[in-house]
Protein chains: 2
Amino acid sequence: MGRPREFDEQDAVIRATDLFWRRGYNATSVRDLGTDLKLTPSSMYRTFTDKHTLFLRALDHYRATESAQAEQRLDAAGRPVRQVLRDWMLWLVSCPSDGEPGRGCFVVNTATELGTTDAQVRQRTEAAFEVTRQALRSLLHNGRHDGELPIGLDIDATVELLFTTVLGLRVRERAGHDCARLATAIDAVIQALGFTSTQPS
Amino acid sequence: MGRPREFDEQDAVIRATDLFWRRGYNATSVRDLGTDLKLTPSSMYRTFTDKHTLFLRALDHYRATESAQAEQRLDAAGRPVRQVLRDWMLWLVSCPSDGEPGRGCFVVNTATELGTTDAQVRQRTEAAFEVTRQALRSLLHNGRHDGELPIGLDIDATVELLFTTVLGLRVRERAGHDCARLATAIDAVIQALGFTSTQPS
DNA sequence: CTAGTATGGGAACGATCGATCCACAAGTCT
DNA sequence: AGACTTGTGGATCGATCGTTCCCATACTAG
């Protein structure tokens with residue numbers, strides 16, 4: 001009961017995510033947020049408590065949408081591991097269709113900006129990282145069963161390698177590096193790992 | 001002529017570098033700087049013009065010391081490429097002796113925080129990146145001459161791969177990831193690239 | 001219709017931001 | 001000595017920070 005809301009809370013979180021994602025936490029003021037979300041300070045604080053809490057909401061929203069979509073793309077679904085990995089990484093660095101520069105990965109950006117000082121943020125970024133590592137691990141395990149992986153390949157080590165590479169790719173995307181160059185790096189990784197290029201035996 | 005300075009300018013730049021490196025640009029206030037550099041605002045502004053200019057000084061100082069040292073370690077000096085690369089990357093992620101968390105790479109941190117908005121910063125970070133890429137290129141070219149590299153290895157692509165990996169490692173170091181894990185990733189990369197493990201033929 | 005309840009609009013809070021100003025100190029020059 | 005030049009200390013500037021408060025508004029319950 002009481003006066004009904006004139007805005008959609010979920011929509012506000014989406015816009016906040018976009019803003020924090022592009023500018024980071026410190027460089028985004030509550031007035032910027034208010035303008036972009038079309039929220040007065042009182043509505044914003046009544047709904048989201050404070051800036052920090054809203055940021056955590058945005059981070060959680062990102063994980064539940066963008067990150068989740070990324071992990072979904074790691075589900076092999078019968079395709080060769082080599083191809084799944086390649087498509088996945090290419091998708092991660094694909095610059096948005098419009099002329100805007102890439103935003104990188106919200107989780108990665110946040111981990112470098114706040115991960116060293118903010119415990120709540122750090123817990124979330126580390127959890128997100130672990131989910132990605134686990135998805136990679138599953139993919140490689142499946143690949144081993146299907147005989148696509150070189151015999152004797154250390155799966156745990158390969159997960160660390162791929163995860164590290166992906167972080168690097170995300171940073172380079174945000175830094176505006178040429179997509180073609182990043183694709184070169186991706187192909188080099190895939191090739192170096194020596195997955196069988198054709199269907200499993 | 002005039003009254004002599006009571007502080008060492010270079011020393012102030014060093015302290016500013018440390019502060020910006022750890023906290024980033026936006027999270028470091030001029031009062032923080034003043035306290036740490038033991039400088040009053042008037043001295044600070046007379047010497048360094050403003051916060052942004054001081055930040056550029058710090059960034060340049062970092063490139064001239066830390067970055068330069070990193071590139072120096074990429075000079076093969078007759079050692080096998082495999083070993084040079086491994087030692088170099090391990091050194092990059094070696095957590096400082098004390099209990100403090102890693103600070104990552106100042107250039108990488110800055111590129112993600114300001115690279116998308118600040119042209120002066122971006123020009124510097126891109127230049128720093130290019131120097132690293134060039135050092136990697138030289139190393140691999142030398143390795144090819146010495147016969148350590150697999151025949152048919154695409155040097156440009158391998159440079160992109162290694163450079164991307166290193167960015168990822170730097171981010172993970174700042175994120176406080178376990179050094180042993182990072183070492184695993186490093187060894188996996190080295191092995192995947194397939195450099196000859198012994199001396200050149 | 002009235003009482004109760006939650007929101008929207010927007011002024012305003014104290015704190016802090018980056019930056020400036022000015023009186024004074026500490027040197028060099030003639 | 002006095003003129004000149006440069007640096008120091010610290011108060012202070014206007015702007016902006018994150019946040020709170022108040023009141024009109026718009027709805028529901030009785």
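Chain letters run A, B, ... following the sequence lines, proteins first, then strands; residues in each count from 1. As the structure is a computational prediction, the values presented were derived from the model and not from experiment.
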Checklist entry - Quick one: A:Leu33 CG to D:dT16 P, roughly how many Å, whole number? => result 16 Å
Next on the checklist: Rounded to whole Å, please give me the gap between CG in B:Leu19 and C1' in C:dG18.
Outcome noted: 16 Å
Next on the checklist: Taking B:Asp60 first and then B:Arg124, would you say they form a salt bridge - that is, a charged N and a carboxylate O separated by under 4.0 Å?
Outcome noted: yes
Checklist entry - Counting N and O atoms only, with roles assigned by atom type, does the side chain of B:Thr28 sit under 3.5 Å from a partner on the main chain of B:Gly24, one being a donor and the other an acceptor? => result yes
Checklist outcome for this item: In whole angstroms, the gap separating C1' of C:dC17 from CG of B:Asp50 amounts to 14 Å
Item to check | Interatomic distance, A:Arg31 CZ vs D:dA15 P [rounded to whole Å] | outcome: 13 Å
Checklist entry - Atom CG of B:Asn26 and atom P of D:dC17: how far apart are they, to the nearest Å? => result 11 Å
Next on the checklist: Is the terminal nitrogen or CZ of A:Arg103 (NZ for Lys, CZ for Arg) located under 6.0 angstrom from the six-membered ring centre of A:Trp21 and within 45° of that ring's axis?
Outcome noted: yes
Checklist entry - Base, sugar-phosphate, or nothing for B:Thr49, non-hydrogen atoms under 4.0 angstrom? => result nothing
Item to check | Length of the line joining B:Tyr25:OH and C:dC17:C1', which is rounded to integer Å | outcome: 11 Å
Checklist entry - Do the side-chain N and O atoms of B:His61 and B:Glu66 include a donor-acceptor pair separated by under 3.5 angstrom? => result no
Next on the checklist: What is the separation between atom CG on A:Leu54 and atom C1' on D:dT19, rounded to the nearest whole Å?
Outcome noted: 14 Å
Next on the checklist: I need a per-nucleotide contact map over nucleotides 3-11 of chain C, read 5' to 3'. Cutoff is protein heavy atoms under 4.0 Å; write B for the base, S for backbone only, - otherwise.
Outcome noted: -BBBBBBB-
Next on the checklist: Before we go on, tell me: are the rings of B:Phe106 and B:Phe20 under 6.0 Å apart, centre to centre?
Outcome noted: no
Checklist entry - Has B:Gln72 got more than 12 heavy atoms of other residues, nucleotides or ligands less than 6.0 Å from its CD? => result no
Item to check | d(CE, B:Met44; C1', D:dG9) in whole Å | outcome: 15 Å
